[in-house]
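First comes the structure, then the notes that go with it.
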Amino acid sequence: MRRYGSAVLLLLTGGAVLRISLFSELYLRYVQAALRPYLVISGSLLVVLGLVAAVRGTRHGEHGQTEGNEEHGEDEEDGHSHAHAHAHGHDHSHGHAHGGPRIAWLLTLPALALLLFPPPALGSYSASREEAQRAAQGVGTFPALPAGKVLDISVAQYSSRAIYDTGHSLKGRTLRMTGFVTHGSNGTWYLTRLLVTCCAADATISKVEIRGTESDDAPQTDTWVTVTGTWVPKGKLGTDAAWPPVLESTTVKQVRQPADPYDKR
């Protein structure tokens with residue numbers, strides 16, 4: 001079985017990568033959508049390499065068995081003492097040879113975990129440990145927002161305009177955003193979204209304080225909700241006093257986590 005170890009590991013890893021990228025959209029929990037083709041190619045190559053390794057292992061086993069049969073016929077002519085020494089040496093080398101590979105099988109655990117139990121997307125725990133990352137863009141005017149009775153906007157876009165827009169483009173607009181819930185002190189809760197540039201490892205946080213909902217009625221942590229409301233000015237633009245921005249909510253509706261849980265600028 002030792003000769004198939006690398007093949008099994010390659011097949012498990014390749015299968016796990018294909019499971020999250022080719023046969024589902026679970027990869028969006030970890031990387032940007034644009035990286036999907038690279039994941040599919042990588043997973044396919046790993047599976048092919050695993051199959052090649054399995055075939056080579058089978059051929060090597062058959063070749064070794066043939067040589068072993070020939071050697072056994074020669075050993076019968078050497079007597080009992082030589083056979084005993086050979087067996088002792090074989091047992092000794094066998095014990096050393098298999099110590100490493102048994103430990104190496106632990107490498108299959110991460111691949112099995114990804115294949116059978118894919119980790120969830122980053123949530124409130126990551127958000128609570130991530131300091132606010134605000135773009136170094138300074139205050140200024142922003143492009144005009146699209147017309148409409150209710151404007152769908154990302155949490156990151158809302159945060160940027162609320163903190164930096166000297167044109168106050170959010171004023172008087174009814175806005176709708178989706179994110180997950182995090183809680184602060186004194187009953188404060190936030191609509192939160194994580195923004196990734198490449199993968200989950202570089203995630204940064206955007207959040208909006210939601211008012212207009214009593215603390216007893218606030219959704220539970222990590223619940224995904226869509227909030228509709230209006231902008232509430234806070235602090236001086238471009239300063240820490242303006243962060244996090246505030247939204248006065250009119251409706252809060254619980255929703256399912258989107259396929260792509262990360263925000264867009």
How many angstroms lie between atom [atom1] of [X] and atom [atom2] of [Y], to the nearest 0.5 angstrom?
X      : Y      : atom1 : atom2 : answer
Leu170 : Thr230 : CG    : OG1   : 10.5 Å
Met177 : Thr228 : CE    : OG1   : 9.0 Å
Ile163 : Trp243 : CD1   : CH2   : 7.5 Å
Trp231 : Leu247 : CH2   : CG    : 11.5 Å
Leu9   : Leu49  : CG    : CG    : 11.5 Å
Ser249 : Leu191 : OG    : CG    : 10.0 Å

### Task
For the residue pair Trp189 and His183, categorise the inter-ring angle as parallel (less than 30°), tilted (30 to 60°) or perpendicular (more than 60°).
tilted

Sub-3.5 Å donor-acceptor pair from the side chain of [X] to the main-chain atoms of [Y], do we have one?
X      : Y      : result
Asp260 : Tyr262 : yes
Arg256 : Trp224 : no
Lys234 : Pro244 : yes
Arg176 : Asp152 : no
Tyr190 : Ser206 : no
Thr188 : Ser185 : yes
Thr174 : Val150 : no

Smallest separation among heavy atoms of [X] and [Y], with atom names:
X      : Y      : result
Ala7   : Ala54  : CB-N, 3.5 Å
Ser159 : Lys207 : OG-O, 3.7 Å
Arg193 : Pro258 : NH2-CG, 3.7 Å

Establish whether [X] and [Y] are linked, either directly or via other cluster members, by ILVMFWY side-chain heavy-atom contacts under 4.5 Å.
X      : Y      : answer
Leu175 : Val227 : yes
Ile153 : Val252 : yes
Leu46  : Val8   : no
Val40  : Val47  : yes
Leu151 : Val225 : yes

### Query
Given side chains that start at C-beta, do those of Gln254 and Val181 come closer than 4.5 Å, heavy atoms only?
no

### Query
Got Leu11 and Leu51 here, is their nearest side-chain heavy-atom distance under 4.5 Å?
yes

### Query
Do Thr141 and Thr166 have side-chain atoms, one donor and one acceptor, less than 3.5 Å apart?
no

### Query
Under 3.5 Å, is there a donor-acceptor pair linking the side chains of Thr182 and Thr192?
yes

